[in-house]
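Below you'll find the structure, written out as structure tokens, and then a few comments.
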Number of protein chains: 2
Amino acid sequence: MQLSNTAKATGDSFVRNILALTQKPGVISFAGGLPDPLLFPLTPISSTIKEILDEQSPNIFQYGPTAGYLPLREIIASQYNQKGYNTNAQNILITQGSQQGLDILCRALLNPNDNIVVEAPTYLAALQLFKASGANIYEVSLEEDGPNIDELKSIFKKHNIKFFYTTPTYQNPSGITCSGQKRKKIAQLAKENDVCIIEDNPYGALRYEGSEPYSYGVYWSEGTVVLGTASKIAAPDFRLGWLSAPSFLYEACARLKGAMDLQSSYFFQRVFYRLLENDSLRIHKKNLIRSYKQKRDLMVKEIEENFKGLLEVNIPKGGMFLWAKFTDGTDTMELFEKAVKEHVAYAPGSVFYASKGGENAMRLNFSHASLEKIKEGIKRLKRAHQS
Amino acid sequence: MQLSNTAKATGDSFVRNILALTQKPGVISFAGGLPDPLLFPLTPISSTIKEILDEQSPNIFQYGPTAGYLPLREIIASQYNQKGYNTNAQNILITQGSQQGLDILCRALLNPNDNIVVEAPTYLAALQLFKASGANIYEVSLEEDGPNIDELKSIFKKHNIKFFYTTPTYQNPSGITCSGQKRKKIAQLAKENDVCIIEDNPYGALRYEGSEPYSYGVYWSEGTVVLGTASKIAAPDFRLGWLSAPSFLYEACARLKGAMDLQSSYFFQRVFYRLLENDSLRIHKKNLIRSYKQKRDLMVKEIEENFKGLLEVNIPKGGMFLWAKFTDGTDTMELFEKAVKEHVAYAPGSVFYASKGGENAMRLNFSHASLEKIKEGIKRLKRAHQS
């Protein structure tokens, strides 16, 4: 009995190993992308759940339509509309986190050997899916204000590209935010070349400075798919994400979702809807932003004090990650084992590249650990680097 | 922008349309596979959820490992062990309903143009997945005691078969249960031909008569994957299923699950685990069986009285469906539109076949409607048939 080519191409996920690491006692992990559980809005979640249960509607645990809970889809669409991106509930599909949204899009759009473009570096678990789908992956390098336009232009011209996958806001892992000007140009370029834009935006709500530029959907709604998630502003275990897709693609996505797992749980869709609807996540979001910003600033400071220029940090305006590069040629994959021996973990830069790159870089998550652990963890990292 | 071949091959699901139909007021639907929501164990579910919330463990809403909640995987494995099927927690993967289990298996095992065998008729949403995967689908016909062995032997010999997908207990849609003797022979045949057996068992707990034969896993654990679900004994909206796979396949499945949606929600895994662990589903299951058996018997009686031999019914020993055939040549796909006009729905037999068949048959769900609606619905069906 033989495994499929897809199974063989789905390498063991570094993310899975990261998550396994975070379960080990004593390890300070900056490796994952976990929110701080002490900041979960447990009180409103808990009271909303109890409210729903006490209404004793038997149908709350019944099967429901694939597309998802309509009031939730409506409120998501209206939030996009408020930000200038024109979509509506009939174009919103509820998914198992935005990860499933990505999977659905791969299946809806890609044949083996189709061409796609990703940012270098890019989100690891997206890369894993793209590799499993058998696509040819082209990379565009990131500048301070987003993807390099000339490179993108040349790739779009040379190859028949199906989609460009991008995280324009507080990118994972680089922390880079693509400027509004660049977004407009890239949307134009994509339109000219008939390339679909997949905009992943898990971190937009975690903004510490500045303003968020418009979504690609504002510039080109007919060719843009926007992915969103409840994992960063409510809780990951809701397993709740969504995609907003133009109609030609939406129907295919909904059919695929139905074949894949029939539907997502309506229970947490109802909970999340009520949390949005009664605005009880607003105060929570303020706390989250205050706390994560403080953690970010502390981690930057600790790195500067401990590494004195040996580890250069890119300070993001939002999100959960610092992207740091050794200036002394340290190979972060080699350093990783030493770090684990010192009971500290990070994500080596090279895992975020489809081809080569990031050998001296690392991604450090600052949202999960406490302030004390951030201090201690950076000290451990220094010891690992010196050993 | 073009859709993928997979998207094009994923036809619109009759199941999705069925579910949409059941939402329309006034329609008595025997078409879906819905449990009776009035029988959901709301009291133990509700008190278990509140118990978990009141423990105020912040980590309950955090990300968790892909494979699932270990105590739940342990209790599932031990239940299999008690029934003679030797597996363990390390071989149990938690999925989004058993539908996702099937999807994972397709992706783990199938390349385009691989050969598989299904029963004729078989589970509709499985067919949809198999078609989307690009597999060549061979069919084995069902006899009263299970698949026709000679046909299976000949297909296994002629073609290089990847897997045989079967629902041996209270099959959907036929209601047929494969005898223990046949299971033993088929397991032997599959082993000789290196064909993986995928045993789907959503209905085993809903047993109204007789005893359940051993799982294929008892006869050949190294080549059998068993799929299970919480949807029929607890509630569909838990979106909780699992697969038990031999190790060579398990690792690939877990990697794929991680790439597809990272993990399933731990919240309902915890709830379901506690319900199993404190045995509070036992009384619920008794109620369920008593009520569904009563509904089955009533539906059989109403058909006999209304159709007087024109509609022959296969009485299943468990599960949720009657399989009925018109003896007067009525085409159930043509009848369907008339039935909907009379505000009654069923699933036409032909949708359960990969190729042709079932033109005079229909699947009638008896678990969802009340006794009154079963009476009324069969009367409407008679009117549709006469019109």
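So you know, we letter chains A, B, ... as the sequences are listed, proteins then strands, and number each from 1. Scope of the values below: all heavy atoms of this structure, side chains included, with no hydrogens, waters or symmetry mates.
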Is it the side chain or the backbone of Ser98(B) that comes within 4.5 Å of chain A heavy atoms, both, or neither?
neither
Ring geometry between Phe267(A) and Phe61(A) (parallel below 30°, tilted from 30 to 60°, perpendicular above 60°)
parallel
Nearest 0.5 Å, what's the CG-NZ distance between Asp194(A) and Lys162(A)?
10.5 Å
Under 4.5 Å heavy-atom distance to chain B, tell me which part of Leu109(A) shows up: side chain, backbone, both or neither.
both
Would you compute the distance between atom CG of Asn136(B) and atom CD1 of Ile161(B) and round it to the nearest 0.5 angstrom?
8.5 Å
Look at atom CD of Glu51(B) and say whether more than 12 heavy atoms of other residues, nucleotides or ligands are closer to it than 6.0 Å.
yes
Rounded to the nearest 0.5 Å, the CG atom of Leu256(A) sits from the CG atom of Asp103(B) at a distance of 9.0 Å
Quick one: of Gln100(B), Arg107(B), Met260(B), who has the most non-hydrogen atom pairs under 4.5 Å with chain A?
Arg107(B)
Interchain contact, Phe268(A) with chain B, by part (heavy-atom threshold 4.5 Å)
side chain
Ranked by heavy-atom pairs below 4.5 Å to chain A, first place among Lys50(B), Gln62(B), Gln99(B) goes to Gln62(B)
Residue from Cys196(A), Pro35(A), Ala235(A) scoring the most non-hydrogen pairs under 4.5 Å with chain B is Pro35(A)
Ala252(A) portion near chain B, given a 4.5 angstrom heavy-atom threshold
side chain
Which answer fits Phe40(A), side chain, backbone, both or neither, if we ask what part of it has an atom under 4.5 Å from a heavy atom of chain B?
side chain
Picking from Asn111(B), Asp237(B), Asp261(B), Leu42(B), which has the most non-hydrogen pairs under 4.5 angstrom with chain A?
Asp237(B)
Go through the steps to decide whether Phe130(B) and Phe163(B) satisfy the test ring pair (Phe, Tyr, Trp, His ring centres under 6.0 Å), and finish with yes or no.
CA-CA 11 Å; Phe130(B) 299 154; Phe163(B) 64 72; 5.6 Å; yes
When the 4.5 angstrom heavy-atom criterion is applied to Leu3(A) and chain B, the contacting part is both
Please flag which part of Thr43(A) lies under 4.5 Å from any non-hydrogen atom of chain B: side chain, backbone, both or neither.
neither
Might you confirm whether atom CG of Asp54(A) has over 12 heavy atoms from other residues, nucleotides or ligands at distances under 6.0 Å?
yes
At a 4.5 Å cut-off on heavy atoms, which part of Leu102(A) comes close to chain B: side chain, backbone, both, or neither?
neither
One option among Leu240(A), Leu129(A), Ile52(A), Leu249(A) has the most heavy-atom pairs under 4.5 Å with chain B, and it is Leu129(A)
Chain B contact via Asp114(A) - which portion, at a heavy-atom distance below 4.5 Å
neither
Counting heavy-atom pairs under 4.5 Å with chain B, which one of Gly97(A), Pro236(A), Ala7(A) comes out on top?
Pro236(A)
If you round to the nearest 0.5 Å, how far is CD1 of Ile116(B) from SG of Cys106(B)?
6.5 Å
Can the ring centres of Phe164(B) and Tyr216(B) be said to be less than 6.0 Å apart?
no
Nearest heavy atoms of Ala245(A) and Leu243(A), plus distance in Å
CB-CD1, 3.8 Å
